A.B. asks: 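Below is the structure I would like to discuss, written out as structure tokens.
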Amino acid sequence: MDAIIQTEKLSHIYSAGTPFEHAALEEVDFAACRGEYLGIIGRTGSGKSTLIQHLNGLLKPTSGRVLFEGKDIWETKERTRQTRFQVGLVFQYPEYQLFEETVYKDIAFGPRNMKLDEHEVDRRVRDAAAFVGLPDAVLEKSPFELSGGQKRRVAIAGVIAMEPAVLILDEPTAGLDPVGVESILGNIRDYHRAKNATIILVSHSMEEVARSVDRLVVVSKGHIPFTGTPREVFAHGDELEAMGLGVPQVTRVFHRLRAMGVDIDPSVYTIGQARAAVRDYLARKGAV
Amino acid sequence: MALKDITLGQYFPGNTVIHRLDPRTKLLFTVLYIVALFSAKGGVAYAVLFAVLCASIAVSRIHPRNILRGMKPILFIIVLTAVLNIFYTPGDPIWQWKFLKITVEGLWAAFFMVLRISFLITCTFLLTYTTSPIMLTDGLERLLGPLKKLRVPVHELSMMMSIALRFIPTLIEETDKIMSAQKARGADFDTGNLFQKAKALVPLLVPLFISAFRRADELATAMECRCYHGGEGRTRLRQLRFQGSDIAALILGTALVALVLIFRALGI
Ligand SMILES: Nc1ncnc2c1ncn2[C@@H]1O[C@H](COP(=O)(O)OP(=O)(O)O)[C@@H](O)[C@H]1O
Ligand SMILES: [Mg+2]
């Protein structure tokens with residue numbers, strides 16, 4: 001598969017040359033393929049946010065390169081700015097960036113910066129609002145009178161409205177109630193299917209990413225120790241635990257069964273897979 | 001320059017003699033140093049002041065690079081004063097072009113003025129680099145304590161100051177974050193004329209103010225929940241006590257002023 005965005009030996013050092021110097025990323029090679037739904041997972045402080053802020057040129061690499069569609073995004077100033085429209089980034093707690101008088105105007109901020117005509121801006125604002133499940137009536141309200149969950153949706157719509165080829169979301173469900181979490185994850189999946197966009201979902205919750213993504217990238221202490229399908233990654237259960245990342249609960253149960261000497265495939269991560277694995281085991285046992 | 005590289009008022013934790021001095025001592029010493037600096041006239045006095053500064057930097061283990069970095073924002077002021085002094089001091093001209101002339105006196109005046117400003121800035125930086133904001137305001141409150149008798153709200157002022165200092169890094173971090181978020185939506189803070197630049201600040205300032213008010217509100221609630229009701233009858237976790245090193249430092253500071261005054265009288 002061809003990579004739409006990738007990094008080559010990307011390193012980033014914060015506050016270089018002061019006593020607070022801190023290497024947040026060290027020689028990271030990362031790639032996301034066109035149209036894939038990718039999960040980035042790692043515990044707090046592992047460098048996830050630092051990594052994704054390089055992907056749309058908000059942070060400049062201390063060393064190494066970032067390539068979008070094969071070209072260095074830092075080649076020219078114009079290229080860096082264009083990359084920002086192609087690679088949409090929704091920050092953690094994005095509701096704190098709302099500033100316009102109405103929800104409509106706030107969502108339109110990105111498209112207007114792209115210098116689109118009013119007709120196209122209008123279409124995109126309405127499309128984006130629909131994707132995140134905001135009713136039309138909300139568009140004329142002030143963003144500051146909405147609930148926390150709705151503000152979050154407005155902020156996500158503000159990035160979706162730019163219709164980026166790559167959509168990156170930094171912990172989009174942090175601090176929401178379970179219903180809100182499900183609903184936002186559902187919106188993101190719908191967007192992925194409808195636009196065939198590349199999605200990068202950052203999270204520290206295994207349960208959350210495991211259900212959505214095609215491929216997982218594990219970040220730990222500024223490195224990427226594993227990548228692969230959720231199944232492949234969860235096979236490293238013990239190492240993940242050592243990095244402070246829980247594997248999904250069913251996976252943990254199966255790892256324990258395995259450790260107790262039960263001959264069962266431990267790389268399951270959904271209830272459906274677990275049921276199949278148990279059936280398979282029982283069938284084999286019955287045959288003996 | 002990224003916002004977070006601004007070092008003004010920043011504290012570099014450490015455990016040197018200078019870090020451990022009582023904040024009151026450091027404040028008083030800084031005042032004495034500034035008095036000495038403004039009384040200094042000749043080269044010898046400046047040399048002594050320079051030596052004291054270098055010794056303090058060496059003892060505090062603050063990297064000179066950090067001092068230089070802090071100077072950057074005020075470089076303009078230094079250059080401007082130097083230029084004004086060079087061209088506007090009357091005396092023997094050594095170079096003249098139309099109404100512009102450079103005099104020997106002007107060069108000397110500029111030289112000493114640059115030294116004076118740099119020393120002043122460096123010594124105040126050294127104070128804030130080696131003293132945590134909390135200690136600094138504690139010290140200030142204690143030093144200004146007698147003014148309470150004149151009904152000056154010393155406690156309230158110092159509480160406001162420590163809260164302000166405490167929130168400077170937070171607000172800088174927040175500004176950085178909001179700027180990044182708006183840049184991700186194509187906001188452009190760098191190009192355009194003055195009017196466009198001012199307009200580009202709206203997406204930054206509105207969220208920043210909202211979050212500052214929210215934080216102020218939350219902080220006030222949190223303080224009230226912990227029964228804060230002003231300075232009346234409030235005791236401290238950390239009691240400030242003068243120690244041997246503090247007395248030594250203050251004697252040194254007084255001696256410095258005396259020495260500079262003697263040099264001044266001798267004209268060197
Ligand atoms: N602006 C910054 N200045 C200095 N250090 C930072 C900054 N942002 C993040 N860091 C540090 O870099 C490391 C990685 O941070 P981050 O990428 O935010 O991690 P994550 O998103 O995985 O929680 C952390 O140790 C953090 O303290
Ligand atoms: Mg993060």
Side-chain angles (χ1 to χ4, degrees), chain A residues 14-21 49-50 52-53 55-60 77-78 80-101 105-116 142-144 151 155 157-162 164 167-170, chain B residues 1-7 10-16 19 60-70 129-130 169-192 196 199-215:
Chain A
Y14 280 114
S15 315
T18 72
F20 306 103
E21 184 169 292
S49 300
T50 309
I52 56 171
Q53 285 179 66
L55 300 183
N56 72 343
L58 284 174
L59 288 178
K60 194 163 187 172
K77 243 188 171 155
E78 189 49 30
T80 314
R81 196 166 142 81
Q82 284 311 316
T83 309
R84 301 240 166 98
F85 298 128
Q86 296 287 314
V87 182
L89 174 55
V90 179
F91 273 78
Q92 201 168 0
Y93 298 108
E95 52 273 29
Y96 294 130
Q97 77 201 32
L98 303 177
F99 70 97
E100 277 286 11
E101 295 151 68
K105 282 193 192 168
D106 208 289
I107 299 179
F109 181 65
R112 289 218 169 104
N113 282 330
M114 294 169 82
K115 310 260 184 291
L116 300 170
S142 156
F144 302 109
K151 279 187 195 161
V159 175
I160 285 184
M162 302 193 301
L167 177 64
I168 309 174
L169 300 110
D170 195 353
Chain B
M1 186 172 73
L3 277 170
K4 52 183 181 297
D5 292 337
I6 294 175
T7 49
Q10 192 179 37
Y11 169 54
F12 290 95
N15 193 23
T16 67
H19 281 87
S60 69
R61 301 235 181 93
I62 299 283
H63 202 288
R65 196 167 43 204
N66 292 319
I67 306 259
L68 290 179
R69 202 202 309 265
Y129 281 177
T130 60
T170 313
L171 283 180
I172 289 181
E173 201 183 308
E174 194 119 329
T175 310
D176 240 7
K177 220 183 261 171
I178 297 172
M179 257 175 128
S180 300
Q182 307 299 26
K183 273 192 205 158
R185 296 204 281 165
D188 185 356
F189 296 104
D190 308 320
T191 53
Q196 285 164 325
K199 218 177 129 197
L201 285 181
V202 173
L204 172 65
L205 292 181
V206 172
L208 197 61
F209 272 96
I210 289 176
S211 103
F213 283 128
R214 186 175 45 85
R215 274 180 203 285

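Chain letters run A, B, ... following the sequence lines, proteins first, then strands; residues in each count from 1. Please read these numbers as outputs of a predicted model, since none were measured by experiment.
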A.B. asks: Which bit of Met162(A) is near chain B, if near means a heavy-atom gap under 4.5 Å: side chain, backbone, both or neither?
C.D. replies: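 Side chain only.
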A.B. asks: Mind listing the closest non-hydrogen atom pair of Ala181(B) and Gln97(A) along with its distance?
C.D. replies: CB-OE1, 3.2 Å
A.B. asks: Could you pull out all residues at least two apart from Lys77(A) that satisfy salt bridge (charged side-chain N to carboxylate O under 4.0 Å, His left out)?
C.D. replies: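 Checked Lys77(A) against salt bridge (charged side-chain N to carboxylate O under 4.0 Å, His left out); zero matches.
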A.B. asks: Is it the case that over 12 heavy atoms from other parts of the model lie below 6.0 angstrom from the CZ atom of Phe209(B)?
C.D. replies: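 No, not enclosed.
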A.B. asks: Under a 4.5 Å heavy-atom cut-off, does chain B meet the side chain of Gln53(A), its backbone, both or neither?
C.D. replies: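 Gln53(A) touches chain B through side-chain heavy atoms alone.
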A.B. asks: Testing the basics here: between Arg81(A) and Gly186(B), what is the closest heavy-atom pair and its distance to 0.1 Å?
C.D. replies: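 Of all heavy-atom pairs spanning Arg81(A) and Gly186(B), the closest is NH1-O, 3.0 Å.
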A.B. asks: Quick one: pull up NZ in Lys177(B) and CG in Leu58(A) and give me the separation to the nearest 0.5 Å.
C.D. replies: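 One finds 13.5 Å between NZ of Lys177(B) and CG of Leu58(A).
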A.B. asks: Quick one: what part of Ser180(B) sits under 4.5 Å from any heavy atom of chain A, side chain, backbone, both or neither?
C.D. replies: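 Both backbone and side chain.
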A.B. asks: For Pro203(B), check side chain to side chain contact (heavy atoms under 4.5 Å, CB included) against everything at least two apart and list the hits.
C.D. replies: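 Checked Pro203(B) against side chain to side chain contact (heavy atoms under 4.5 Å, CB included); matches are Phe99(A), Phe109(A), Gln182(B).
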A.B. asks: Is Leu205(B) in contact with chain A via its backbone, its side chain, both, or neither, using a 4.5 Å heavy-atom distance?
C.D. replies: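 No part of Leu205(B) comes within 4.5 Å of chain A.
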A.B. asks: Please look at Leu98(A) and chain B and tell me whether the side chain, the backbone, both or neither of the residue comes under 4.5 angstrom of a heavy atom of that chain.
C.D. replies: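 The backbone, not the side chain.
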A.B. asks: Main chain of Arg185(B), side chain of Arg84(A): is a donor-acceptor contact present, judged purely on distance under 3.5 Å?
C.D. replies: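 A pair under 3.5 Å: no.
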A.B. asks: Residues of residues 86-96 of chain A under 4.5 Å from chain B (heavy atom pairs)?
C.D. replies: Leu89(A), Phe91(A), Tyr96(A)
A.B. asks: Would you please name every residue forming a side chain to side chain contact (heavy atoms under 4.5 Å, CB included) with Gln196(B), sequence neighbours left out?
C.D. replies: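 Scan of Gln196(B) (side chain to side chain contact (heavy atoms under 4.5 Å, CB included), adjacent residues dropped) gives Asn193(B).
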A.B. asks: Are more than 12 heavy atoms, taken from residues, nucleotides or ligands other than Arg214(B), located less than 6.0 Å from that residue's CZ atom?
C.D. replies: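 Yes.
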